[in-house]
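The analysis underlying the following values was restricted to heavy atoms, covering all of them including side chains, and did not include hydrogens, waters or symmetry mates.
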Amino acid sequence: MIQSNNQPNQALASQNIPVKVKRAAAKLQRWFKGKQDVKAYQKLKKNHRYRKNVIAEIYNTEKQYCNDIKILSEKVLPLAQQYINQENIKTIFMNCNQIAQWNQEFLRALEFGYQGYIGNAKEMYKPYWVVFEGNTKQLMNASCRGFRCYFDYCSQFSKSNQLVDKLKQSDQKFKQFLTLISPELRGMDLSSFLVKPVQRLPKYILLFKDLEKHTEDDHPDMKNIKFLHKYFRDINEENNKSIDIYIGRLQISELCDQFKLNKMDLLSDPLRIYKFEEKLNIIQANKELIVQVHALSDLLIVIHENKLFNQVKLDSLSFVKDQPDTKYFSNLFQIVGVGEVLQCFAESLSIKKKAIEQFEKLIQLNREQECQKELKSGKLTFMRYPVQVVIVGTEERNFQSFQKHTQYITEISINKVYQNIFVRYSEVEAMCQKYTKKYPMIEFPKFPNQSWLTYQKTKSIEERKFVIEGFLQTLLQSKETQGDKQILNELKLPFNFFELPQIVIEQQKSIFSKYNTTLDGLDELKIQGVLIDRLKMSAGEILKAVCIEKESRKKSIAQVQPNRVVIWQQKYSTEPNMKRVIITMPDGTITEIGVDDKARVSEVLPFVAGYNQLIYYKDFRLYLVDQLKKQRVLDDDEIISKAYDDEYQNNHRWLNKLEQLITASNTDVVIKMRKYLYMPQELEEFDYKEDATRLIYLGFSILEDVYDGKYYLGFKDYCLFAALYYHIKYQDKIELSLANLQLDKITKVIPHDVYSGKSDSEWKEFTMECIVSLNEQLDKISQLNRVERLQKKDNSQFKFTDKRCLAAMIIINASQTFTQGSMAIFQVQTYEQTQTYFKQTGMEVHATMYLGFSANKIYFLNPQKKIKFRELDYSKLNWVISYPSQVIFNFENFKEPLRFDTFQSYEIKLLVEQYKDIHKFNKEYNLENLFHNDKSQFIKN
């Protein structure tokens with residue numbers, strides 16, 4: 001209705017427009033249309049002029065080319081009969097007569113079309129004339145061999161040139177022949193004429209490609225142009241193989257002449273050709289050098305200051321390794337050859353990507369060529385898979401001691417089977433000296449001179465990382481060393497290290513045959529023992545599942561080749577490879593175990609957990625306590641006996657003995673089990689209610705945190721925790737008399753500096769009050785729970801009657817009233833630039849502060865009472881990087897990275913990555929809601 005009502009109004013409005021205005025509007029429209037037509041015409045005219053030039057070039061160059069080939073076949077070749085024997089004539093001139101004859105036919109058809117197109121002097125050229133129809137018909141004729149005659153020519157071209165070069169040097173008659181034909185060749189060399197057919201084919205492609213680009217789709221000649229472009233492209237592809245070999249070997253020869261290289265050696269392989277040249281920045285013995293790399297098909301020639309600097313052989317095991325940026329070096333990558341490693345860095349990310357792509361393509365082509373050789377010969381290489389060495393982090397050990405040193409955490413992998421090893425620079429340097437003597441033919445990287453003043457500086461550490469990586473990569477990748485068991489033993493790798501990928505394949509085949517499918521997702525988790533229905537209730541099941549998922553992507557050597565871990569018995573002392581290790585459990589009890597000399601921490605932890613009847617253990621870790629009572633987490637891949645022995649020897653050096661006297665520290669080395677990961681409280685509660693051992697261990701772990709000063713407590717709080725410790729530790733021999741209470745039984749949870757603030761009697765009196773009061777309350781709760789269990793009330797099976805367990809539950813509940821109770825805490829120094837940034841954004845600024853990491857968030861805590869002043873989600877964390885003495889976080893909600901100085905940077909990074917893995921798993925399996933309940937805002941600091 002609205003539309004029909006408006007139509008008469010619009011018509012009426014149109015009738016009211018003056019005639020002059022209508023005429024003016026029409027005129028304006030015609031002017032704009034004319035302008036558009038003129039532009040289109042000008043563009044078309046320009047395009048046709050360009051086409052005319054290209055077509056003319058095709059015709060003129062073809063005419064000149066036919067004349068040159070005619071000179072070879074009709075003038076040079078007959079004259080050669082008098083100076084060269086028939087066999088050499090056939091080799092040198094190949095089938096040039098056949099090429100000359102064919103190209104004359106091709107030119108005649110082209111000339112016919114071209115003359116019609118160009119017209120005579122009085123006529124204009126015809127832009128829509130069909131020029132190439134005759135050539136298309138020629139080549140589409142099934143009986144016409146066409147340009148396929150070039151195949152024979154190009155395949156023999158390399159031999160032809162070799163013979164010409166040889167006769168030039170040794171045959172006097174041939175030299176006379178060359179002098180005689182020089183006028184016919186317009187003073188050019190014979191080789192320059194012989195190469196013309198080889199050069200002509202690529203020229204066709206360029207010309208017809210250009211012509212196709214500037215021809216309209218509806219042009220009557222377009223189908224012919226497209227056909228010819230494709231035809232020459234296909235023909236050229238076949239011929240390129242022969243051309244590449246000739247030109248590539250010619251370039252090698254020129255390279256040898258330029259830099260005085262051994263020509264006979266470099267040209268010994270008939271398939272070796274020159275590929276490309278690339279300028280690279282490399283790091284060699286702490287020096288940054290600019291070099292020219294001349295890439296041959298299987299060899300890199302490195303030139304520095306116009307002299308040969310190095311040669312890197314490539315084979316099927318070579319690869320290019322992308323490396324992360326460090327504090328002082330960016331855009332890093334390595335080219336790993338046979339017994340050689342080039343440590344490179346690029347000026348920009350785009351240059352790095354281009355270089356990696358270029359060298360990867362070169363190596364892939366070489367790999368394919370080698371595989372074809374092996375298939376033909378029926379031989380197999382000794383090692384099928386390349387070894388990769390990557391330093392994934394560094395740790396400062398004994399950083400508050402005279403014996404401070406850096407451990408380089410080095411991942412060694414072979415086809416997704418990996419192992420982290422922990423090495424010192426001095427150890428690797430000693431290995432280099434040893435194996436340089438043993439294998440003088442291997443070119444190991446040069447180690448820079450050590451300087452006591454700079455060895456702990458970050459830049460020096462990063463430079464050493466490159467050298468360590470390069471040396472270990474060369475040592476393990478070289479074919480000469482692959483049978484050397486001593487190397488594998490020194491690196492604590494299994495003797496069948498190079499066979500591990502095949503073992504994994506066999507294991508996977510076994511799983512496939514058992515279940516008739518490859519397992520993934522919930523199926524794999526179920527087969528591996530995860531209780532799927534508990535994933536939304538149990539922290540232990542989630543952590544178990546997360547570890548299984550991680551291990552399925554990347555297997556550790558300990559999984560594929562497990563080591564022996566047993567309860568220690570005297571009989572093992574006679575076995576040279578068995579070591580005795582004592583593990584202190586959270587409750588203070590000890591477990592003596594015997595381990596192989598290659599047993600990893602990841603193998604020991606599940607064993608001692610199982611022996612002590614701890615159902616879930618993934619949130620616990622083993623810690624090593626040094627002579628200053630400083631603790632560090634033992635990495636899963638550390639060899640437990642070596643970690644213990646190294647620390648023990650370090651403690652008994654005379655310098656450390658002096659240090660221990662000064663600090664009055666304990667000389668014992670202790671390996672103990674402690675809480676490490678903190679999951680949401682509801683999930684943790686589900687696990688410890690079903691596991692009395694876990695409950696007790698958690699209670700003792702919290703009490704140890706109290707002693708370490710994790711919580712900000714008052715006098716009465718410490719007395720309460722001391723009383724709880726007394727009950728959980730000495731429940732069987734509880735003393736309720738003040739006179740019989742021994743101080744050493746309550747001071748285990750009170751820090752020395754706190755204890756010194758009150759008298760012995762004050763501590764004893766108030767702690768005894770707490771002990772007596774607690775004992776009464778525990779008795780009541782125990783009796784009540786016993787009655788409920790007898791009556792089988794709901795959930796009564798989860799209620800403990802044992803007073804130790806009840807004391808542990810009180811400890812856990814007490815810790816949860818503090819923000820710090822559900823997180824791991826690290827003291828850090830705030831980097832100056834980060835302090836300035838905090839000030840600019842209005843945040844609290846502290847030169848020293850604490851970082852807290854829980855399952856839910858990352859917290860910034862002040863240094864006084866460890867009260868949180870900022871919290872951040874893991875989902876907002878883009879990345880975390882650890883340097884030897886610094887950790888850097890990049891959050892979405894901060895404009896610049898946040899930097900903190902700490903010697904626990906690598907430990908922090910690993911912890912954050914584990915929490916991010918947990919969040920990723922929960923999101924994948926829809927458990928996300930469990931990690932959104934952050935109760936810390938409702939509890940006291």
Side-chain angles (χ1 to χ4, degrees), residues 283 285-286 326-327 341 343 389-412 419-436 444-476 486-493 579 597-598 600-601 624 626-628 630 632-656 659 669 671 882-886 903-907 909-910:
I283 300 169
N286 282 10
T326 66
K327 191 172 181 180
V341 178
Q343 178 61 61
V389 178
V390 182
I391 293 182
V392 293
T394 56
E395 277 187 339
E396 295 299 313
R397 300 282 172 84
N398 305 104
F399 56 88
Q400 292 182 322
S401 164
F402 296 136
Q403 298 295 326
K404 180 171 73 170
H405 65 273
T406 303
Q407 284 276 348
Y408 296 85
I409 303 157
T410 309
E411 182 185 281
I412 298 175
Q419 184 70 67
N420 284 351
I421 64 169
F422 298 75
V423 293
R424 294 178 64 168
Y425 181 79
S426 55
E427 292 172 343
V428 180
E429 190 176 34
M431 283 184 74
C432 184
Q433 291 171 0
K434 175 180 176 180
Y435 290 108
T436 299
F444 291 115
K446 294 178 182 176
F447 279 66
N449 295 325
Q450 293 196 55
S451 169
W452 187 82
L453 294 172
T454 62
Y455 84 102
Q456 284 293 332
K457 289 186 177 178
T458 303
K459 188 172 183 181
S460 175
I461 287 170
E462 288 184 357
E463 287 168 342
R464 289 177 174 195
K465 281 166 69 174
F466 301 141
V467 180
I468 292 170
E469 261 189 36
F471 168 72
L472 293 176
Q473 185 76 69
T474 303
L475 187 68
L476 292 167
Q486 190 178 5
I487 293 171
L488 297 175
N489 191 46
E490 280 192 60
L491 297 174
K492 300 298 181 186
L493 296 171
K579 307 287 182 181
D597 59 357
K598 292 178 185 174
R600 314 278 166 177
V601 171
L624 188 140
D626 66 13
Q627 79 278 6
L628 296 174
K630 295 294 178 185
R632 72 172 181 86
V633 178
L634 287 172
D635 191 279
D636 281 345
D637 286 317
E638 282 193 74
I639 295 167
I640 195 161
S641 59
K642 185 177 185 299
Y644 180 90
D645 290 344
D646 287 351
E647 196 60 49
Y648 182 84
Q649 290 169 14
N650 186 50
N651 281 2
H652 286 76
R653 292 193 179 101
W654 69 268
L655 203 57
N656 291 79
E659 189 172 15
V669 177
I671 296 176
S882 72
Y883 294 117
S885 58
Q886 192 175 80
F903 288 107
Q904 293 174 287
S905 56
Y906 184 69
E907 186 179 331
K909 178 193 170 187
L910 285 186

By side-chain hydrogen bond (donor to acceptor under 3.5 Å, both in side chains) - contacts of Tyr883 (at least two apart): none
Got a sec, which residues hit side-chain hydrogen bond (donor to acceptor under 3.5 Å, both in side chains) with Gln407, two or more places apart in sequence or on another chain? none
For Gln343, all residues meeting side-chain hydrogen bond (donor to acceptor under 3.5 Å, both in side chains), sequence neighbours excluded: Gln323, Gln334
Run the side-chain contact (heavy atoms from CB on, under 4.5 Å) test against Glu427 and tell me which residues pass, sequence neighbours left out. Val423, Arg424, Lys642
Sequence neighbours excluded, which residues qualify as side-chain contact (heavy atoms from CB on, under 4.5 Å) partners of Thr474? Val341, Ile442, Phe444, Pro445, Ser478
Sorted by chain and residue number, the side-chain hydrogen bond (donor to acceptor under 3.5 Å, both in side chains) partners of Glu463 (sequence neighbours excluded) come out as Asn286
Partners passing salt bridge (charged side-chain N to carboxylate O under 4.0 Å, His left out) against Glu469 (at least two apart in sequence or in another chain): Lys321
How far does CG of Asn420 sit from CD1 of Ile412, to the nearest 0.5 angstrom? 9.0 Å
Set of residues satisfying salt bridge (charged side-chain N to carboxylate O under 4.0 Å, His left out) with respect to Asp636, sequence neighbours excluded: Arg621
Using the side-chain contact (heavy atoms from CB on, under 4.5 Å) criterion, which residues pair with Ser885? Sequence neighbours excluded. Thr458, Phe903
For Glu411, all residues meeting salt bridge (charged side-chain N to carboxylate O under 4.0 Å, His left out), sequence neighbours excluded: Lys554
Spatial distance of atom OG1 (Thr394) from atom NE2 (His405) [nearest 0.5 Å]: 11.5 Å
Which residues share a side-chain contact (heavy atoms from CB on, under 4.5 Å) with Ser882, sequence neighbours left out: Ser905, Tyr906, Lys909
Is Leu910 close to Val633 at the side-chain level, that is, under 4.5 Å between some pair of heavy atoms? no
Check Arg632 with Glu638, please: is the shortest side-chain N to carboxylate O separation under 4.0 Å? yes
Taking only residues two or more places apart in sequence, or in another chain, which ones meet Lys446 in a salt bridge (charged side-chain N to carboxylate O under 4.0 Å, His left out)? none
For residues Tyr435 and Phe471, establish whether the separation of their ring centroids is below 6.0 Å. no
